[in-house]
2 protein chains.
Amino acid sequence: MTQTMSIPPFKLNGRIWLEIDEEKVLGHGRVELLERIHESGSIRQAALQMKMSYKQAWDLVNHINNGFKQPLVISKRGGKGGGIALLTPFGQEVIVEFKELQQKFFRFLDENGRK
Amino acid sequence: MTQTMSIPPFKLNGRIWLEIDEEKVLGHGRVELLERIHESGSIRQAALQMKMSYKQAWDLVNHINNGFKQPLVISKRGGKGGGIALLTPFGQEVIVEFKELQQKFFRFLDENGRK
DNA sequence: TTTCGTTATGTTTTTAAAAGTATAACGCAA
DNA sequence: TTGCGTTATACTTTTAAAAACATAACGAAA
């Protein structure tokens, strides 16, 4: 595809997200958090990996779960390892589909943008 | 196009913008500001229409002009009406092309999102 | 029945962004 | 040559977001 925008080294960039009731419930950062929770089985580990506080991560998870009214993450405290967190099947489904959308979006950016 | 994302009334939304040196220089809000400046010939009027302070509008214009290193807006003070602001041909070209991108992007959202 | 690492929350502090205030400079027109 | 409405810019205040801090609850395992 040819680039018409004339002068300097522009780069097209952007973001997409899902809304429920006009409110953002899932975007690129939150999906990454969910993925890391899925992989590590731990909110704390996911938070550390993303260099955010546990509190912030927990707040996000909480917000996501509330937003969807059906939880994407289930967590328990106590026991072996201190506690655990994991994605529900619904949660897994949602992130897969969101990432597909994201792939399409990246393709869109590549086709229309310029480095 | 069929919607696969299963459960609730999701809505896909997003934003695109232009970057120069990894920095956002033009997005949806700024383009609207430029359009209103173009129509009214006045930064102040454009700011009022968009319910922002003159200062904020001026700062944005300033930032845009600096980002592109070639001005999109030229302004003068004093004289009839107190002063004036207008888009350069380059500025006009840029907003036209950005709005074309935006149209494509809206089409993308419509094709992939769900109300 | 104590230790441990995590989940779960509330509270406070810090930081950054936005909004507001103030004022100078300008040049046409009366 | 004064008044007017706007551009231009600095400075202060307010607001909102993020970070930091503190602490309780939990349950497996030792």
Side-chain angles (χ1 to χ4, degrees), chain A residues 15 17 19 22-30 32-88 91, chain B residues 15 17 19 22-30 32-88 91:
Chain A
R15 287 283 148 78
W17 59 81
E19 294 180 357
E22 315 294 293
E23 211 191 332
K24 203 181 293 189
V25 287
L26 201 64
H28 121 289
R30 289 171 188 192
E32 184 181 345
L33 181 66
L34 293 182
E35 287 187 290
R36 290 181 188 271
I37 289 173
H38 188 52
E39 287 161 13
S40 66
S42 160
I43 295 173
R44 173 162 299 272
Q45 285 311 311
L48 284 177
Q49 288 171 19
M50 294 182 67
K51 284 168 187 167
M52 63 173 73
S53 69
Y54 168 81
K55 179 179 179 17
Q56 188 181 355
W58 187 88
D59 284 345
L60 287 171
V61 168
N62 196 243
H63 186 255
I64 293 167
N65 277 343
N66 289 341
F68 281 84
K69 294 293 189 320
Q70 179 181 163
L72 310 217
V73 177
I74 288 183
S75 55
K76 298 199 187 75
R77 59 184 167 185
K80 173 179 145 201
I84 196 175
L86 50 89
L87 292 196
T88 63
Chain B
R15 287 281 146 80
W17 58 81
E19 293 181 358
E22 315 293 293
E23 212 192 331
K24 202 181 294 189
V25 287
L26 202 63
H28 120 290
R30 289 173 188 190
E32 184 182 346
L33 181 65
L34 293 183
E35 286 188 290
R36 291 180 187 271
I37 290 173
H38 188 52
E39 286 161 14
S40 65
S42 162
I43 296 173
R44 173 161 299 272
Q45 285 311 311
L48 284 177
Q49 289 170 20
M50 293 183 68
K51 285 169 185 166
M52 63 173 74
S53 69
Y54 169 80
K55 178 184 177 15
Q56 189 180 353
W58 186 87
D59 284 345
L60 288 171
V61 167
N62 196 243
H63 187 255
I64 294 167
N65 278 342
N66 289 340
F68 281 84
K69 292 296 190 318
Q70 178 181 164
L72 311 216
V73 176
I74 289 182
S75 54
K76 296 198 187 75
R77 61 183 167 186
K80 173 180 146 201
I84 195 175
L86 50 89
L87 291 197
T88 63

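Throughout, a chain's letter reflects where its sequence line sits, starting with A, and its residues are numbered from 1. Hydrogens, waters and symmetry mates are skipped; everything else that's a heavy atom, side chains included, is used. Treat the numbers as computed from the prediction; the structure is a model and nothing was measured.
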Contacts of A:N62 and A:G81 projected onto DNA chain C by closest heavy atom; the upstream (5') one is A:G81
Atom CD1 of B:I84 and atom C1' of D:dC4 are separated, to the nearest Å, by 16 Å
Between B:R44 and A:G78, the residue closer to the 5' end of DNA chain D by nearest nucleotide is B:R44
When rounded to whole Å, the CD1 to P distance for the pair B:I43 and D:dG5 reads 18 Å
List, one per line, each side-chain donor-acceptor pair under 3.5 Å for residues 38-48 of chain B, sequence neighbours excluded.
unit_1, atom_1, unit_2, atom_2, d
B:S40, OG, B:R36, O, 2.7
B:S40, OG, B:S42, N, 3.2
B:S40, OG, B:S42, O, 3.1
B:S42, OG, B:R44, N, 3.2
B:S42, OG, B:Q45, N, 2.9

_Please evaluate residues A:L87 and A:V73 with respect to the criterion side chain to side chain contact (heavy atoms under 4.5 Å, CB included), reporting the C-alpha separation (whole Å), side-chain torsions for both, the decisive distance (0.1 Å), and the verdict._
CA-CA 4 Å; A:L87 292 196; A:V73 177; 3.6 Å; yes
Query raised in the report: Is any side-chain nitrogen or oxygen of A:W58 closer than 4.0 Å to OP1 or OP2 of C:dT7?
Result: no
dist A:L60:CG -> A:K55:NZ (nearest 0.5 Å) comes out at 10.0 Å
Check: Any side-chain N or O of A:S75 under 4.0 Å from OP1/OP2 of C:dT6?
Finding: no
Rounded to whole Å, NE2 of A:H63 lies from C1' of C:dT9 at a distance of 17 Å
Rounded to whole Å, the CG-C1' distance (B:L48 to D:dT7) equals 14 Å
Applying salt bridge (Lys or Arg N to Asp or Glu O under 4.0 Å) to B:K24 and not counting sequence neighbours gives none
Separation of C:dT7 atom P from A:N65 atom CG, nearest Å, is 14 Å
Rounded to whole Å, OH of A:Y54 lies from C1' of C:dT9 at a distance of 9 Å
note: B:L60, atom CG; D:dT9, atom P; distance rounded to Å ~ 15 Å
CD1 of B:I74 to CD1 of B:I37, rounded to nearest 0.5 Å, is 12.5 Å
Decide yes or no for B:I64 and B:V25: does some side-chain heavy atom of the first lie under 4.5 Å from some side-chain heavy atom of the second? no
Rounded to whole Å, the NZ-C1' distance (A:K76 to D:dC26) equals 12 Å
Quick tally for nucleotides 16-24 of chain D: nucleotides whose base has a protein heavy atom under 4.0 Å get B, sugar-phosphate-only ones S, the rest -, giving ---SBB---
TODO: Determine whether A:E32 and A:Q49 make a side-chain contact, defined as any pair of heavy atoms from C-beta on separated by less than 4.5 Å.
DONE: no
Side-chain atoms of A:A85 come closest, of D:dA29, C:dT7, C:dA29, to C:dT7
